[in-house]
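Sequence lines set the chain letters: A, B, ... in the order given, protein chains first and strands last, and positions in each chain run from 1.
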Amino acid sequence: MSQKQEDENPAEETGEEKQDTQEKEGMLPERAEEAKLKAKYPSLGQKPGGSDFLMKRLQKGQKYFDSGDYNMAKAKMKNKQLPSAGPDKNLVTGDHIPTPQDLPQRKSSLVTSKLAGGQVE
Amino acid sequence: MAGAGGGGCPAGGNDLQWCFSQVKGAVDEDVAEADVISTVEFSHSGDLLATGDKGGRVVIFQREQENKSRPHSRGEYNVYSTFQSHEPEFDYLKSLEIEEKINKIRWLPQQGAARFLLSTNDKTIKLWKISERDKRAEGYNLKDEDGRLRDPLRITALRVPILKPMDLMVEASPRRVFANAHTYHINSISVNSDHETYLSADDLRINLWHLEITDRSFNIVDIKPANMEELTEVITAAEFHPHQCNVLVYSSSKGTIRLCDMRSSALCDRHSKFFEEPEDPSSRSFFSEIISSVSDVKFSHSGRYMMTRDYLSVKVWDLNMESRPVETHQVHEYLRSKLCSLYENDCIFDKFECCWNGSDSAIMTGSYNNFFRMFDRTTWRDVTLEASRENSKPRASLKPRRVCAGGKRKKDEVSVDSLDFSKKILHTAWHPVENIIAVAATNNLYIFQDKAN
């Protein structure tokens, strides 16, 4: 459905009224969705789409590997179990010591794109 | 507002009937990450079509000349050139993996026989020259035909090498590498109408380059706050005006668009125009800002309008009116009641692009389930079409699709819950003149044409 913001058909509802009705109808689903989300994740921050989310976006691609940390962690493991190493979605690496296994493999060499090969239809 | 299809009439102006033309790419169920198409762009004349993928490769297709002996290959696109544009890198200093994914390709206007394009990944922009070679020199003095060096003592006479025809060879060579100018991830590049400069935009900054100069770039927009804790918005897209070489626009994650005039000052931090649709504060929710984030901004060919794409809609703005858009087209409003799960699976952050047709009378954008939407601005009709292998017989007409938002699902309708959110059409392109469109569906490139073509 498309809307024009000018008065096109005086016989029908004016553009603005139509928009209002639609927004009200659209309101309930969006608010209901928000309630669902807050129910699942009560600790979700007060600033939606704010700093945390943006910082995460800016930091995309950040991988940390420190051989010193890694070796110290390996040594500690003899004494106690480290928390399970799963990729940490949070900003801060915190207690998680990345291991070479965590880091994705560097891609090897270059294969021609499949778009360039194959049958032409 | 159930249902997303318009009346069953085709859109695109003048009663167009879209038909399947070609599909490129493998049919595999298991799609390799590298094969995912990340950008599609027609050249200015439309005879070349470039694609970039996550593996850093560029494939260029060329439209075949109309040929009486092969009437069925009515302007088909076939592979012209392919090359590895970018490779994966690792910035050891910052512990940053730099993806080779091609974010954008932009063609330079053609000036000679060779063709030029700019391709960019997150950090580096490259200028590629694509040239044809159909002649080869023969009869060298110092080496024989195999290329082996001849014994200089045996050369007793001089000859002039002659040029002989050879099979067409298309070569791509990197002519410029524009590196080290972006701390954050490049989302846009745009060639200026002066044909000498271009801009590159990342999350927080926009730089101006000269096509000939790689060791220097001017920063023209910088929205990085002194204290990063105060960061509230990022730049999501930027473009130069098609005719006015001093004008550019950039969009933000908060749903605003700023127009800047480079004549007013060297640093365009103060906008000349600020476009934002007023929001009803009572309708604000957790998702409001996220879905208002503009994922693409495109000027119309005329330069009078611009179009923005946010998560649920496409808006057309008159550059002379900053207060609100002149048109709003709903792409998939039925997703509003799915925002919670779309947030959880990250789909709410998908960046859809949008494009104009050559005459600015129609606009197109992608959606999920390999659906894409077209809106005719003159007839006010819209249509939902699907890019699928099932509908890929040559010249087969595309049937309009309909999504059922709730209630009784009619025959041929697809219910919202059965939409495949992994099949997203983020990148589409419209031929600059004719009714030919290129639609990227994950690892496949579909080309559709108007029946009348």
Choice from Val314(B), Asn444(B), Val234(B) maximising heavy atom contacts with chain A below 4.5 Å: Val234(B)

Pair Lys101(B)-Asn103(B), side-chain donor/acceptor within less than 3.5 Å: yes

Per-residue contact mode, Phe83(B) against chain A (heavy atom under 4.5 angstrom): neither

Residue part contacting chain A, namely of Phe349(B), when any heavy atom lies under 4.5 Å: side chain

Gln22(B), Glu76(B), Arg63(B) screened by side-chain contact (heavy atoms from CB on, under 4.5 Å) with Ile447(B), the one that passes: Gln22(B)

Tyr334(B) and His332(B) aromatic ring geometry - parallel, tilted or perpendicular at 30°/60° bounds: perpendicular

Check: Asp202(B)/His185(B) side-chain N/O donor and acceptor closer than 3.5 Å: no

Heavy-atom contact with chain A under 4.5 Å, split by part of Ile60(B): neither

Winner by heavy-atom pair count (cut-off under 4.5 Å) against chain A, out of Glu33(B), Lys351(B), Lys254(B): Lys351(B)

Part of Ser253(B) lying under 4.5 Å from any heavy atom of chain A: side chain

Interface moiety of Asp91(B) toward chain A, non-hydrogen atoms closer than 4.5 Å: neither

Candidate pair Glu327(B) and Trp380(B), rule side chain to side chain contact (heavy atoms under 4.5 Å, CB included), full reasoning: CA-CA 10 Å; Glu327(B) 294 167 27; Trp380(B) 211 243; 3.7 Å; yes

Aromatic ring proximity Tyr343(B)/Phe286(B), centre distance under 6.0 Å: yes

Leu342(B) portion near chain A, given a 4.5 angstrom heavy-atom threshold: neither

Salt bridge (Lys or Arg N to Asp or Glu O under 4.0 Å) partner of Glu30(A), the single match among Arg284(B), Lys338(B), Arg336(B): Arg336(B)

Per-residue contact mode, Thr51(B) against chain A (heavy atom under 4.5 angstrom): side chain

